[in-house]
Amino acid sequence: MEDTELLARIASGDQQALEILHESFAPRMYSVAMRVTRSERLSQEAVQDAFMAVWQYPRRFDPTRGSLGPWLFTLARFKAIDAVRREAAIKGHTAEVDLELYEAPDDVHDEVWRGLRRARLNAAISSLPEDQRRALSFAFIHGLTHVEVAEREGIPLGTAKTRIRAALLRLRAALETELSEGGSPGAGGESGGVPGMGDRKRASEGPSGRIRSGLVRCAIRVGSIIEQSLKVAQFVTAPFDAEPTAAAGGSRQ
Amino acid sequence: MNDSPMPELSRVPAQIAPDGDVAAPEFLASLLADGDGDMAAWVISQALEDRSRAEVYDKVVQPAMELVGIRWQQGRWSVSVEHLASVALNQALSRVRPPENPESRVGPTAVLAAPEMEQHVAGLACLAQVLEDDGWHVENLGANVPADDLVSFISTRNVDIVAFSIGTVDRLDKLREAVDALRTAGGRAAELPVIVGGHGVTAIEDLVGASHVCHSLSDAQQFARSLSLSPGDNDRR
(Lines give C-alpha, C1' and ligand atoms only; values in the text may rest on other atoms or scores of the structure.)
Protein backbone atom coordinates (compact mmCIF):
# COMPACT_ATOMS: atom_id res chain seq x y z
CA MET A 1 0.00 0.00 0.00
CA GLU A 2 1.28 3.45 -0.90
CA ASP A 3 2.34 5.77 1.90
CA THR A 4 -0.17 8.40 0.90
CA GLU A 5 -3.00 5.88 0.73
CA LEU A 6 -2.13 4.59 4.19
CA LEU A 7 -2.07 8.09 5.61
CA ALA A 8 -5.34 8.91 3.88
CA ARG A 9 -6.94 5.89 5.50
CA ILE A 10 -5.59 6.97 8.88
CA ALA A 11 -6.97 10.45 8.31
CA SER A 12 -10.39 8.92 7.75
CA GLY A 13 -10.14 7.18 11.12
CA ASP A 14 -9.19 3.74 9.83
CA GLN A 15 -7.69 2.08 12.90
CA GLN A 16 -6.41 -0.89 10.93
CA ALA A 17 -4.31 1.42 8.77
CA LEU A 18 -2.57 2.75 11.86
CA GLU A 19 -1.93 -0.78 13.04
CA ILE A 20 -0.36 -1.63 9.67
CA LEU A 21 1.85 1.41 9.94
CA HIS A 22 2.76 0.47 13.49
CA GLU A 23 3.70 -3.04 12.50
CA SER A 24 5.93 -1.81 9.69
CA PHE A 25 7.72 1.02 11.39
CA ALA A 26 7.44 0.73 15.18
CA PRO A 27 10.56 -1.45 15.66
CA ARG A 28 12.77 0.95 13.75
CA MET A 29 11.18 3.96 15.42
CA TYR A 30 11.86 2.25 18.72
CA SER A 31 15.52 1.82 17.74
CA VAL A 32 15.72 5.52 16.95
CA ALA A 33 14.08 6.41 20.26
CA MET A 34 16.39 4.06 22.15
CA ARG A 35 19.38 5.79 20.64
CA VAL A 36 18.10 9.06 22.07
CA THR A 37 16.73 7.99 25.45
CA ARG A 38 18.79 4.85 26.23
CA SER A 39 15.69 3.83 28.15
CA GLU A 40 13.20 1.15 27.18
CA ARG A 41 10.41 2.84 29.09
CA LEU A 42 10.95 6.27 27.54
CA SER A 43 11.40 4.75 24.10
CA GLN A 44 8.06 2.94 24.36
CA GLU A 45 6.48 6.24 25.36
CA ALA A 46 8.13 8.07 22.49
CA VAL A 47 6.89 5.55 19.94
CA GLN A 48 3.37 5.72 21.36
CA ASP A 49 3.47 9.50 21.31
CA ALA A 50 4.69 9.48 17.73
CA PHE A 51 1.85 7.24 16.63
CA MET A 52 -0.62 9.37 18.52
CA ALA A 53 0.67 12.38 16.58
CA VAL A 54 0.34 10.43 13.33
CA TRP A 55 -3.19 9.44 14.30
CA GLN A 56 -4.21 12.95 15.21
CA TYR A 57 -2.44 14.82 12.43
CA PRO A 58 -1.82 12.44 9.53
CA ARG A 59 -2.01 15.25 7.01
CA ARG A 60 1.17 16.72 8.42
CA PHE A 61 3.02 14.23 6.27
CA ASP A 62 3.91 15.83 2.97
CA PRO A 63 4.93 13.21 0.39
CA THR A 64 6.49 15.87 -1.80
CA ARG A 65 9.09 16.51 0.89
CA GLY A 66 10.18 12.95 1.48
CA SER A 67 9.04 9.43 2.11
CA LEU A 68 7.08 8.12 5.04
CA GLY A 69 9.84 6.17 6.81
CA PRO A 70 12.21 9.09 7.36
CA TRP A 71 9.28 11.24 8.46
CA LEU A 72 8.33 8.68 11.08
CA PHE A 73 11.93 8.25 12.22
CA THR A 74 12.23 12.01 12.58
CA LEU A 75 8.97 12.11 14.51
CA ALA A 76 10.17 9.31 16.81
CA ARG A 77 13.38 11.19 17.43
CA PHE A 78 11.56 14.39 18.37
CA LYS A 79 9.17 12.50 20.63
CA ALA A 80 12.12 10.76 22.25
CA ILE A 81 13.80 14.10 22.90
CA ASP A 82 10.49 15.31 24.38
CA ALA A 83 10.40 12.23 26.60
CA VAL A 84 13.92 12.90 27.84
CA ARG A 85 12.97 16.51 28.49
CA ARG A 86 9.91 15.45 30.48
CA GLU A 87 11.94 12.94 32.44
CA ALA A 88 14.49 15.61 33.30
CA ALA A 89 11.67 17.90 34.47
CA ILE A 90 10.25 15.14 36.64
CA LYS A 91 13.64 14.44 38.17
CA GLY A 92 14.14 18.13 38.92
CA HIS A 93 10.68 18.33 40.36
CA THR A 94 11.20 15.29 42.56
CA ALA A 95 14.48 16.66 43.83
CA GLU A 96 12.74 19.89 44.86
CA VAL A 97 10.05 18.03 46.74
CA ASP A 98 12.57 15.80 48.46
CA LEU A 99 14.60 18.79 49.51
CA GLU A 100 11.53 20.34 51.05
CA LEU A 101 10.47 17.21 52.85
CA TYR A 102 13.81 16.75 54.52
CA GLU A 103 14.24 20.36 55.48
CA ALA A 104 14.50 20.90 59.27
CA PRO A 105 13.07 17.53 60.26
CA ASP A 106 13.16 18.41 63.94
CA ASP A 107 11.12 21.54 63.48
CA VAL A 108 7.78 21.02 65.13
CA HIS A 109 6.12 23.49 62.80
CA ASP A 110 7.30 21.54 59.84
CA GLU A 111 5.93 18.40 61.38
CA VAL A 112 2.59 20.11 61.93
CA TRP A 113 2.61 21.44 58.43
CA ARG A 114 3.39 18.10 56.88
CA GLY A 115 0.35 16.69 58.56
CA LEU A 116 -1.81 19.58 57.40
CA ARG A 117 -0.50 19.46 53.89
CA ARG A 118 -0.97 15.74 53.66
CA ALA A 119 -4.52 16.10 54.91
CA ARG A 120 -5.31 18.81 52.38
CA LEU A 121 -3.81 16.96 49.51
CA ASN A 122 -5.56 13.78 50.55
CA ALA A 123 -8.84 15.64 50.77
CA ALA A 124 -8.32 17.17 47.35
CA ILE A 125 -7.30 13.85 45.85
CA SER A 126 -10.25 12.09 47.48
CA SER A 127 -12.59 14.55 45.84
CA LEU A 128 -11.42 13.46 42.39
CA PRO A 129 -13.53 11.11 40.31
CA GLU A 130 -12.47 7.51 40.82
CA ASP A 131 -10.90 7.01 37.37
CA GLN A 132 -8.89 10.23 37.60
CA ARG A 133 -7.76 9.47 41.14
CA ARG A 134 -6.55 6.05 40.11
CA ALA A 135 -4.69 7.36 37.05
CA LEU A 136 -3.04 10.09 39.12
CA SER A 137 -2.07 7.63 41.78
CA PHE A 138 -0.49 5.26 39.26
CA ALA A 139 1.41 8.08 37.60
CA PHE A 140 2.62 10.09 40.58
CA ILE A 141 2.58 7.73 43.53
CA HIS A 142 3.47 4.43 41.89
CA GLY A 143 5.66 6.16 39.30
CA LEU A 144 4.17 4.48 36.25
CA THR A 145 4.59 6.00 32.83
CA HIS A 146 1.58 7.12 30.85
CA VAL A 147 1.90 4.03 28.71
CA GLU A 148 1.97 1.83 31.78
CA VAL A 149 -1.00 3.63 33.29
CA ALA A 150 -2.91 3.01 30.07
CA GLU A 151 -1.94 -0.65 30.13
CA ARG A 152 -2.82 -1.06 33.79
CA GLU A 153 -6.21 0.55 33.28
CA GLY A 154 -6.84 -1.11 29.93
CA ILE A 155 -7.50 2.21 28.26
CA PRO A 156 -5.96 4.02 25.28
CA LEU A 157 -2.90 6.11 26.00
CA GLY A 158 -4.73 9.29 25.10
CA THR A 159 -7.45 8.53 27.65
CA ALA A 160 -4.84 7.90 30.33
CA LYS A 161 -3.20 11.23 29.61
CA THR A 162 -6.55 12.99 29.61
CA ARG A 163 -7.44 11.54 33.01
CA ILE A 164 -4.11 12.53 34.53
CA ARG A 165 -4.32 15.97 33.06
CA ALA A 166 -7.90 16.46 34.28
CA ALA A 167 -6.92 15.27 37.74
CA LEU A 168 -4.03 17.71 37.94
CA LEU A 169 -6.20 20.58 36.80
CA ARG A 170 -8.81 19.72 39.42
CA LEU A 171 -6.16 19.53 42.12
CA ARG A 172 -4.79 22.85 41.08
CA ALA A 173 -8.24 24.40 41.21
CA ALA A 174 -8.91 22.88 44.62
CA LEU A 175 -5.68 24.12 46.17
CA GLU A 176 -5.97 27.54 44.57
CA THR A 177 -9.44 27.96 46.01
CA GLU A 178 -8.19 27.02 49.41
CA LEU A 179 -5.50 29.65 49.25
CA SER A 180 -7.66 32.42 47.91
CA GLU A 181 -10.07 31.77 50.79
CA GLY A 182 -7.25 32.17 53.28
CA GLY A 183 -7.06 28.44 53.72
CA SER A 184 -3.63 28.61 55.25
CA PRO A 185 -4.16 28.79 58.95
CA GLY A 186 -3.32 32.02 60.67
CA ALA A 187 -2.23 33.92 57.62
CA GLY A 188 -5.11 34.60 55.31
CA GLY A 189 -7.62 36.12 57.72
CA GLU A 190 -5.70 39.16 58.79
CA SER A 191 -3.83 39.90 55.64
CA GLY A 192 -6.99 39.53 53.62
CA GLY A 193 -5.17 37.97 50.72
CA VAL A 194 -2.99 35.14 49.64
CA PRO A 195 -0.14 34.78 52.06
CA GLY A 196 3.27 34.99 50.53
CA MET A 197 6.81 35.97 51.25
CA GLY A 198 5.76 39.50 52.15
CA ASP A 199 3.54 38.24 54.93
CA ARG A 200 6.29 36.50 56.82
CA LYS A 201 7.36 39.49 58.90
CA ARG A 202 3.81 40.60 59.74
CA ALA A 203 2.79 37.08 60.67
CA SER A 204 5.66 36.73 63.09
CA GLU A 205 4.56 39.74 65.13
CA GLY A 206 2.44 39.38 68.26
CA PRO A 207 2.27 36.89 71.12
CA SER A 208 1.72 33.84 68.95
CA GLY A 209 4.31 35.02 66.45
CA ARG A 210 6.31 31.80 66.47
CA ILE A 211 3.32 29.66 65.65
CA ARG A 212 2.09 32.12 63.07
CA SER A 213 5.53 32.28 61.54
CA GLY A 214 5.40 28.54 61.13
CA LEU A 215 2.00 28.74 59.58
CA VAL A 216 3.11 31.39 57.14
CA ARG A 217 5.93 29.09 56.07
CA CYS A 218 3.25 26.48 55.56
CA ALA A 219 1.37 28.89 53.36
CA ILE A 220 4.44 29.61 51.34
CA ARG A 221 4.83 25.92 50.74
CA VAL A 222 1.23 25.63 49.61
CA GLY A 223 2.17 28.18 46.98
CA SER A 224 5.18 26.09 46.11
CA ILE A 225 3.07 22.96 45.75
CA ILE A 226 0.66 24.74 43.47
CA GLU A 227 3.51 26.00 41.40
CA GLN A 228 4.88 22.48 41.15
CA SER A 229 1.45 21.17 40.25
CA LEU A 230 1.25 23.76 37.51
CA LYS A 231 4.62 22.66 36.20
CA VAL A 232 3.49 19.04 36.18
CA ALA A 233 0.24 20.03 34.51
CA GLN A 234 2.19 21.97 31.95
CA PHE A 235 4.34 19.10 30.86
CA VAL A 236 1.48 16.63 31.03
CA THR A 237 -0.67 18.78 28.80
CA ALA A 238 2.14 19.65 26.40
CA PRO A 239 1.82 16.50 24.26
CA PHE A 240 -1.87 17.25 23.72
CA ASP A 241 -1.32 20.73 22.49
CA ALA A 242 1.81 20.25 20.42
CA GLU A 243 0.99 19.48 16.84
CA PRO A 244 3.61 17.62 14.83
CA THR A 245 4.89 19.97 12.21
CA ALA A 246 8.01 18.18 11.12
CA ALA A 247 8.15 16.88 7.63
CA ALA A 248 11.04 14.54 7.16
CA GLY A 249 14.14 16.58 7.25
CA GLY A 250 12.07 19.69 7.20
CA SER A 251 11.00 21.99 9.94
CA ARG A 252 11.59 21.05 13.53
CA GLN A 253 8.81 20.07 15.90
CA MET B 1 -7.14 16.69 13.25
CA ASN B 2 -8.39 13.17 13.73
CA ASP B 3 -10.69 13.20 16.77
CA SER B 4 -11.70 9.56 16.76
CA PRO B 5 -10.14 7.34 19.44
CA MET B 6 -6.76 5.90 18.60
CA PRO B 7 -6.59 2.09 18.53
CA GLU B 8 -4.64 0.24 21.16
CA LEU B 9 -1.13 -0.36 19.86
CA SER B 10 1.02 -3.12 21.25
CA ARG B 11 4.28 -2.41 22.97
CA VAL B 12 7.32 -2.79 20.78
CA PRO B 13 9.21 -5.88 21.94
CA ALA B 14 12.56 -4.59 23.14
CA GLN B 15 14.46 -7.55 21.75
CA ILE B 16 13.04 -7.29 18.28
CA ALA B 17 15.57 -6.84 15.49
CA PRO B 18 14.78 -3.78 13.42
CA ASP B 19 13.32 -4.76 10.10
CA GLY B 20 15.85 -3.03 7.90
CA ASP B 21 17.93 -0.06 8.88
CA VAL B 22 16.93 3.55 9.28
CA ALA B 23 19.60 4.87 6.96
CA ALA B 24 17.47 6.91 4.60
CA PRO B 25 19.07 10.03 3.14
CA GLU B 26 16.15 12.24 4.24
CA PHE B 27 16.46 11.07 7.83
CA LEU B 28 20.23 11.49 7.83
CA ALA B 29 19.85 14.96 6.33
CA SER B 30 17.46 16.00 9.09
CA LEU B 31 19.86 14.69 11.74
CA LEU B 32 22.78 16.56 10.21
CA ALA B 33 20.75 19.75 9.94
CA ASP B 34 19.97 19.36 13.63
CA GLY B 35 23.66 18.95 14.40
CA ASP B 36 23.06 15.48 15.79
CA GLY B 37 26.40 13.95 14.87
CA ASP B 38 25.96 11.17 17.39
CA MET B 39 22.77 9.86 15.88
CA ALA B 40 24.04 10.46 12.37
CA ALA B 41 27.02 8.25 13.20
CA TRP B 42 24.67 5.60 14.54
CA VAL B 43 22.56 5.69 11.38
CA ILE B 44 25.65 5.37 9.19
CA SER B 45 27.11 2.59 11.31
CA GLN B 46 23.83 0.68 11.10
CA ALA B 47 23.97 0.84 7.34
CA LEU B 48 27.62 -0.23 7.38
CA GLU B 49 26.64 -3.46 9.07
CA ASP B 50 25.02 -4.70 5.89
CA ARG B 51 26.60 -2.73 3.10
CA SER B 52 30.04 -1.68 1.93
CA ARG B 53 31.36 1.68 2.99
CA ALA B 54 31.49 2.95 -0.58
CA GLU B 55 27.87 1.95 -1.14
CA VAL B 56 26.67 3.54 2.09
CA TYR B 57 28.50 6.76 1.37
CA ASP B 58 27.29 6.82 -2.24
CA LYS B 59 23.67 5.98 -1.51
CA VAL B 60 23.05 7.47 1.92
CA VAL B 61 25.63 10.06 2.93
CA GLN B 62 26.16 11.76 -0.40
CA PRO B 63 22.41 12.05 -1.17
CA ALA B 64 21.84 13.35 2.36
CA MET B 65 24.36 16.11 1.86
CA GLU B 66 22.85 16.83 -1.53
CA LEU B 67 19.49 17.25 0.19
CA VAL B 68 21.06 19.67 2.62
CA GLY B 69 22.40 21.64 -0.32
CA ILE B 70 19.07 21.60 -2.11
CA ARG B 71 17.18 22.81 0.94
CA TRP B 72 19.71 25.55 1.39
CA GLN B 73 19.29 26.55 -2.27
CA GLN B 74 15.52 26.53 -1.83
CA GLY B 75 15.89 28.81 1.16
CA ARG B 76 14.38 26.27 3.51
CA TRP B 77 17.59 25.95 5.46
CA SER B 78 19.99 28.76 6.22
CA VAL B 79 23.71 28.93 5.62
CA SER B 80 24.20 28.28 9.32
CA VAL B 81 22.17 25.09 9.12
CA GLU B 82 24.19 23.97 6.12
CA HIS B 83 27.40 24.61 8.02
CA LEU B 84 26.05 22.83 11.07
CA ALA B 85 25.26 19.85 8.85
CA SER B 86 28.81 19.80 7.52
CA VAL B 87 30.28 19.87 11.01
CA ALA B 88 27.88 17.16 12.17
CA LEU B 89 28.84 15.02 9.20
CA ASN B 90 32.51 15.38 10.06
CA GLN B 91 31.76 14.35 13.61
CA ALA B 92 29.77 11.37 12.41
CA LEU B 93 32.42 10.30 9.92
CA SER B 94 35.13 10.47 12.54
CA ARG B 95 33.09 8.09 14.68
CA VAL B 96 32.62 5.51 11.96
CA ARG B 97 36.17 5.66 10.72
CA PRO B 98 37.66 2.26 9.89
CA PRO B 99 39.85 0.86 12.65
CA GLU B 100 43.50 1.54 12.11
CA ASN B 101 45.66 -1.49 11.55
CA PRO B 102 49.43 -1.86 11.25
CA GLU B 103 49.25 -2.59 7.52
CA SER B 104 47.69 0.76 6.76
CA ARG B 105 50.92 2.41 7.91
CA VAL B 106 52.90 0.66 5.21
CA GLY B 107 50.17 0.53 2.61
CA PRO B 108 50.15 2.39 -0.70
CA THR B 109 49.74 6.11 -0.18
CA ALA B 110 46.94 8.29 -1.45
CA VAL B 111 47.07 12.06 -1.26
CA LEU B 112 43.67 13.74 -1.23
CA ALA B 113 43.12 17.44 -1.76
CA ALA B 114 40.60 20.07 -2.74
CA PRO B 115 42.06 22.59 -5.17
CA GLU B 116 42.61 26.22 -4.33
CA MET B 117 39.47 28.04 -3.17
CA GLU B 118 37.48 24.84 -2.87
CA GLN B 119 35.98 24.48 0.60
CA HIS B 120 33.81 21.38 0.21
CA VAL B 121 35.72 18.46 1.61
CA ALA B 122 33.06 15.98 2.78
CA GLY B 123 33.67 13.91 -0.34
CA LEU B 124 37.38 13.71 0.43
CA ALA B 125 36.66 12.59 3.98
CA CYS B 126 34.44 9.83 2.64
CA LEU B 127 36.97 8.79 0.02
CA ALA B 128 39.70 8.70 2.67
CA GLN B 129 37.72 6.13 4.65
CA VAL B 130 36.85 4.06 1.61
CA LEU B 131 40.55 3.83 0.69
CA GLU B 132 41.59 3.19 4.30
CA ASP B 133 39.17 0.29 4.35
CA ASP B 134 41.15 -1.14 1.44
CA GLY B 135 44.46 -0.76 3.27
CA TRP B 136 45.60 2.54 1.83
CA HIS B 137 47.58 5.02 3.83
CA VAL B 138 45.71 8.28 3.25
CA GLU B 139 47.06 11.78 3.59
CA ASN B 140 44.05 14.06 3.33
CA LEU B 141 45.14 17.67 2.84
CA GLY B 142 41.59 19.02 2.98
CA ALA B 143 40.35 22.31 1.58
CA ASN B 144 41.96 25.03 -0.48
CA VAL B 145 45.35 23.53 -1.35
CA PRO B 146 47.45 25.73 -3.68
CA ALA B 147 48.66 23.82 -6.73
CA ASP B 148 52.34 24.77 -6.30
CA ASP B 149 52.34 23.76 -2.70
CA LEU B 150 50.73 20.44 -3.53
CA VAL B 151 53.43 19.69 -6.11
CA SER B 152 56.15 20.46 -3.53
CA PHE B 153 54.44 18.25 -0.99
CA ILE B 154 54.10 15.32 -3.35
CA SER B 155 57.66 15.61 -4.63
CA THR B 156 58.97 15.00 -1.13
CA ARG B 157 56.94 11.86 -0.50
CA ASN B 158 56.26 8.53 -1.97
CA VAL B 159 52.75 8.83 -3.30
CA ASP B 160 50.80 6.28 -5.31
CA ILE B 161 47.67 8.17 -6.24
CA VAL B 162 46.35 11.71 -6.02
CA ALA B 163 42.66 12.48 -5.72
CA PHE B 164 40.96 15.84 -6.14
CA SER B 165 37.42 16.77 -5.35
CA ILE B 166 35.40 19.87 -6.16
CA GLY B 167 31.94 20.72 -4.87
CA THR B 168 30.87 23.03 -7.67
CA VAL B 169 31.70 23.58 -11.34
CA ASP B 170 32.96 27.02 -10.34
CA ARG B 171 36.18 25.36 -9.20
CA LEU B 172 36.78 23.53 -12.46
CA ASP B 173 39.49 25.97 -13.52
CA LYS B 174 41.34 25.54 -10.25
CA LEU B 175 41.03 21.80 -10.63
CA ARG B 176 42.58 22.00 -14.10
CA GLU B 177 45.39 24.17 -12.72
CA ALA B 178 46.14 21.65 -9.99
CA VAL B 179 46.21 18.69 -12.37
CA ASP B 180 48.32 20.63 -14.87
CA ALA B 181 50.77 21.58 -12.15
CA LEU B 182 51.24 17.92 -11.33
CA ARG B 183 51.55 16.85 -14.95
CA THR B 184 54.17 19.49 -15.71
CA ALA B 185 56.11 19.01 -12.52
CA GLY B 186 58.34 16.38 -14.04
CA GLY B 187 59.63 13.28 -12.32
CA ARG B 188 57.33 10.76 -10.75
CA ALA B 189 54.61 13.33 -9.97
CA ALA B 190 53.98 13.80 -13.68
CA GLU B 191 53.07 10.14 -14.08
CA LEU B 192 51.03 9.64 -10.94
CA PRO B 193 47.52 8.33 -11.30
CA VAL B 194 45.21 11.28 -10.66
CA ILE B 195 41.51 10.89 -10.05
CA VAL B 196 38.97 13.69 -9.84
CA GLY B 197 35.51 13.60 -8.38
CA GLY B 198 32.90 15.44 -6.40
CA HIS B 199 29.67 17.18 -7.25
CA GLY B 200 31.49 19.72 -9.38
CA VAL B 201 32.83 17.20 -11.86
CA THR B 202 29.49 15.87 -13.03
CA ALA B 203 29.64 18.39 -15.86
CA ILE B 204 33.14 17.40 -16.95
CA GLU B 205 33.29 15.93 -20.40
CA ASP B 206 37.03 15.58 -20.76
CA LEU B 207 39.41 14.28 -18.16
CA VAL B 208 41.01 17.65 -17.40
CA GLY B 209 44.32 15.80 -17.53
CA ALA B 210 43.28 13.30 -14.90
CA SER B 211 43.63 9.54 -15.22
CA HIS B 212 40.02 8.96 -14.28
CA VAL B 213 36.88 10.97 -13.58
CA CYS B 214 34.98 9.35 -10.73
CA HIS B 215 31.24 9.66 -10.55
CA SER B 216 30.96 7.84 -7.26
CA LEU B 217 33.08 6.58 -4.41
CA SER B 218 32.58 3.03 -5.62
CA ASP B 219 33.98 4.15 -8.94
CA ALA B 220 37.03 5.69 -7.23
CA GLN B 221 37.48 2.57 -5.17
CA GLN B 222 37.41 0.37 -8.25
CA PHE B 223 40.00 2.53 -9.97
CA ALA B 224 42.27 2.46 -6.92
CA ARG B 225 41.91 -1.30 -6.74
CA SER B 226 42.77 -1.59 -10.40
CA LEU B 227 46.23 -0.22 -9.59
CA SER B 228 46.86 -3.53 -7.83
CA LEU B 229 48.90 -1.99 -5.07
CA SER B 230 49.09 -3.80 -1.80
CA PRO B 231 50.64 -3.27 1.64
CA GLY B 232 54.39 -3.52 1.42
CA ASP B 233 54.56 -2.28 -2.18
CA ASN B 234 55.42 1.07 -0.80
CA ASP B 235 58.90 0.14 0.43
CA ARG B 236 60.36 3.59 0.09
CA ARG B 237 58.36 4.98 2.96
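Order of the sequence lines fixes the chain letters, A, B, ..., with proteins taken first and strands second; residue numbering starts at 1 for each chain.
- Contact record, F27(B) with P70(A): N-CB, 3.7 Å, taken as the closest heavy-atom pair.
- T74(A) is not listed as a side-chain neighbour of E26(B), based on a closest heavy-atom distance of 4.5 Å or more.
- Around atom CD of Q74(B), more than 12 heavy atoms belonging to other residues, nucleotides or ligands sit under 6.0 Å away.
- Using a 4.5 Å cut-off between heavy atoms, A11(A) contacts chain B through its backbone alone, with no side-chain atom that close.
- Between D38(B) and R38(A) there is a salt bridge, since a side-chain N of the basic residue sits under 4.0 Å from a carboxylate O of the acidic one.
- Looking at Q46(B) and R28(A), their side chains never come closer than 4.5 Å, going by heavy atoms from C-beta outward.
- The side-chain heavy atoms of R77(A) and L31(B), taken from C-beta on, include a pair separated by under 4.5 Å.
- Applying the ring-ring contact (aromatic ring centres under 6.0 Å, His included) test to F164(B) and every residue at least two apart in sequence or in another chain returns nothing.
- For residues 92-112 of chain B, there are no ring-ring contact (aromatic ring centres under 6.0 Å, His included) pairs, not counting sequence neighbours.
- Between F73(A) and S30(B) the shortest side-chain heavy-atom distance does not fall below 4.5 Å.
- Of all heavy-atom pairs spanning M39(B) and V32(A), the tightest one is CE-O, 3.1 Å.
- Using a 4.5 Å cut-off between heavy atoms, V147(A) contacts chain B through its side chain alone, with no backbone atom that close.
- More than 12 heavy atoms of other shown residues, nucleotides or ligands fall within 6.0 angstrom of atom CD in E66(B).
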